[in-house]
Amino acid sequence: MDSDFLNVFTQPAALNQFLDEIVVAQGEKKKIIKPTSSNNPKLEELKLVLIDWINTSLKEEHIVVRSLEEDLYDGLVLHHLLEKLGSLKLDVDKIALTEKKQRQKLSVILEAVAKCLQLEESQLKWSVESILTKDLLSTLHLLVAIAKHFQPNLAMPPNVQVETITVENTSRGLKTVNAVEYITENKENLEVQSKDDAFDELFSRAPDKLDAVKKVFLQFVNQHVGKLGLNVKDIESQFADGVILLLLIGQLEGYFLNLRDFFLTPASSTEMLHNVNLALDLLTDGGLLNFSVNSEDIVNGDMKTTMRVLYCLYSKYKTKET
């Protein structure tokens with residue numbers, strides 16, 4: 001059964017009203033925090049920590065932030081913050097009154113942030129448009145990234161996660177995808193991975209058994225994607241573009257992935273990241289992924305990360321018949 005069809009009957013009235021108020025242009029998609037996360041105590045704590053950090057940092061400039069969405073969008077506070085923390089001199093006006101000038105200013109500021117933090121475009125969880133339109137999710141990701149870089153000892157609450165909904169305006173109407181997204185590090189899972197992770201043990205202390213585990217995973221994968229005429233021989237490279245992973249999830253979870261939702265032959269790292277992020281969202285939604293994964297690690301061919309993700313599927317479906 002089509003999940004979009006089912007959503008019509010399962011979404012609460014408040015969410016339907018919320019969706020009606022979202023404006024998404026034809027062919028575009030927008031990801032936002034669901035109303036159910038608006039009263040999340042940890043989210044509120046994070047917002048207060050960030051506001052206090054900004055106000056303390058800019059006290060000498062007599063700048064007071066009360067709302068992250070309302071006070072950050074025009075670039076004024078971000079401009080002062082980068083000059084104060086990073087000693088960056090940006091060639092932009094202090095005050096931009098028109099939307100055009102605000103957009104130009106934000107473009108310069110966010111380009112400086114990406115350069116300073118050494119982030120590629122595909123790694124950015126914000127954009128000029130999302131900040132300008134007062135998107136809280138993007139604003140939080142941006143501020144957390146800046147804080148971690150310039151003030152790594154800032155005591156931000158760990159494990160802050162929100163429920164998100166991605167709304168896409170397709171030719172058939174609005175399509176929605178629900179997910180859970182971490183804004184700050186999931187330290188509990190990171191600690192579990194660092195201390196008790198079997199794959200850390202495997203890679204560091206039992207490399208002689210690594211080939212045997214890889215062989216088991218390859219046999220499992222080919223058992224299910226073989227019927228699609230596919231043959232996987234190398235875990236490190238063949239999962240990097242996300243295609244095999246998406247098709248494997250579809251086979252195991254028993255649903256068809258619309259070819260318009262992902263790139264069957266990705267031609268860039270951005271398209272590969274899209275595929276991998278979609279796969280991770282599907283695993284999270286299905287309750288199969290309960291730890292934080294950096295999608296770039298998979299795109300970059302990190303075998304340990306890829307094997308961790310494959311194990312989530314293997315542990316549930318190892319006895320599933322083809």
Side-chain angles (χ1 to χ4, degrees), residues 31 33 37 42 117 119-126 137 140-141 144-145 148 156 158-166 177-204 210 213-214 217-218 220-221 232 234-253 257 261-263 266 269-318:
K31 180 165 66 173
I33 298 175
S37 286
K42 280 198 169 185
L117 274 58
L119 297 174
E120 299 292 335
E121 185 176 353
S122 59
Q123 297 174 281
L124 304 180
K125 296 181 179 180
W126 56 83
L137 182 62
L140 287 170
H141 277 306
V144 167
K148 284 174 62 178
M156 290 185 288
N159 313 324
V160 177
Q161 61 178 14
V162 293
E163 292 179 296
T164 66
I165 183 166
T166 301
V177 177
N178 298 305
V180 174
E181 184 165 331
Y182 278 94
I183 299 176
T184 59
E185 287 182 342
N186 185 354
K187 290 187 176 179
E188 292 174 0
N189 285 331
L190 290 176
E191 289 172 2
V192 169
Q193 288 181 13
S194 63
K195 294 179 181 178
D196 304 316
D197 192 286
F199 289 99
D200 281 337
E201 191 82 10
L202 181 67
F203 275 75
S204 62
L210 183 59
V213 176
K214 286 164 60 177
F217 280 176
L218 287 173
F220 166 73
V221 171
V232 179
D234 181 29
I235 289 177
E236 194 169 1
S237 64
Q238 286 185 267
F239 285 91
D241 63 8
V243 176
I244 297 291
L245 186 56
L246 283 169
L247 295 176
L248 177 63
I249 293 170
Q251 288 291 301
L252 293 171
E253 293 280 277
L257 287 167
D261 292 341
F262 69 102
F263 298 96
S269 59
T270 300
E271 294 180 354
M272 293 165 69
L273 274 170
H274 170 88
N275 286 352
V276 172
N277 281 323
L278 175 59
L280 296 177
D281 285 346
L282 291 173
L283 290 173
T284 302
D285 290 347
L288 295 172
L289 190 66
N290 59 3
F291 55 87
S292 166
V293 176
N294 186 345
S295 54
E296 294 158 25
D297 289 342
I298 295 178
V299 172
N300 292 331
D302 184 81
M303 190 181 299
K304 192 188 298 184
T305 302
T306 304
M307 289 179 71
R308 280 193 178 111
V309 172
L310 287 177
Y311 181 73
C312 293
L313 289 164
Y314 175 78
S315 61
K316 180 177 180 179
Y317 291 108
K318 58 187 174 183

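Please read all numbers here as calculations on a predicted model, not as lab measurements.
Put simply, CG on Asp281 and NZ on Lys31 are 6.5 Å apart, with the number rounded to the nearest 0.5 Å. Taking CE of Met303 as the start and OG of Ser237 as the end, the distance is 9.0 Å to the nearest 0.5 Å. Note that OG of Ser295 is 9.0 Å distant from CD of Gln123, once rounded to the nearest 0.5 Å. Rounded to the nearest 0.5 Å, atoms CG (Leu248) and OH (Tyr317) are 10.0 Å apart. Taking CG of Leu246 as the start and CG of Leu280 as the end, the distance is 9.0 Å to the nearest 0.5 Å. Taking CD1 of Ile298 as the start and CD1 of Ile235 as the end, the distance is 12.0 Å to the nearest 0.5 Å.
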Residue pair Leu273, Glu296: steps toward the side chain to side chain contact (heavy atoms under 4.5 Å, CB included) verdict: CA-CA 7 Å; Leu273 274 170; Glu296 294 158 25; 3.7 Å; yes
Thr306 vs Leu245, test: side chain to side chain contact (heavy atoms under 4.5 Å, CB included). Steps then yes/no. CA-CA 10 Å; Thr306 304; Leu245 186 56; over 6 Å; no
Would Leu283 and Leu313 count as a side chain to side chain contact (heavy atoms under 4.5 Å, CB included) if you check the C-alpha gap in whole Å, the side-chain angles of each, and the deciding distance to 0.1 Å? CA-CA 9 Å; Leu283 290 173; Leu313 289 164; 3.7 Å; yes
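Side-chain atoms of Leu282 and Glu253, non-hydrogen and from C-beta on, never get closer than 4.5 Å to each other. By the 4.5 Å heavy-atom criterion applied to side chains, Phe239 and Val221 are counted as neighbours. Counting only heavy atoms from C-beta outward, the side chains of Lys316 and Leu252 never approach each other to under 4.5 Å. Within the 4.5 Å cutoff, no side-chain heavy atoms of Val293 are placed close to those of Arg308. In this structure the side chain of Met307 reaches within 4.5 angstrom of the side chain of Leu210, judged on heavy atoms. Within the 4.5 Å cutoff, the side chain of Asn300 has no heavy atoms near those of the Thr305 side chain. In this structure, Thr270 and Glu121 have side chains that are not in contact, with every pair of non-hydrogen atoms separated by 4.5 Å or more. For the pair Leu140/Thr184, no side-chain contact is recorded, criterion being any heavy-atom separation below 4.5 Å from C-beta on.
Smallest separation of non-hydrogen atoms from Val162 and Ile183: CG1-CD1, 3.9 Å. Contact record, Ala145 with Leu117: O-CD2, 3.6 Å, taken as the closest heavy-atom pair. The two residues Lys42 and Val160 come nearest to each other via the heavy atoms O-CG2, 3.9 Å. Summarising the geometry of Asn275 relative to Pro266, their closest heavy-atom pair is ND2-CG, 3.9 Å, with the distance given to 0.1 Å.
Note on ring orientation: taking the six-membered ring where Trp is involved, the planes of Tyr311 and Phe217 are tilted (angle from 30° to 60°).
Gln238 contributes a side-chain N or O that, together with a main-chain N or O of Asp234, makes up a donor-acceptor pair within less than 3.5 Å.
For the side-chain contact (heavy atoms from CB on, under 4.5 Å) with Phe262, the qualifying choice from Val276, Leu257, Asn277, Asp241 is Leu257, the only one to do so.
A salt bridge does not link Lys125 with Glu181: none of the charged nitrogens is closer than 4.0 Å to a carboxylate oxygen.
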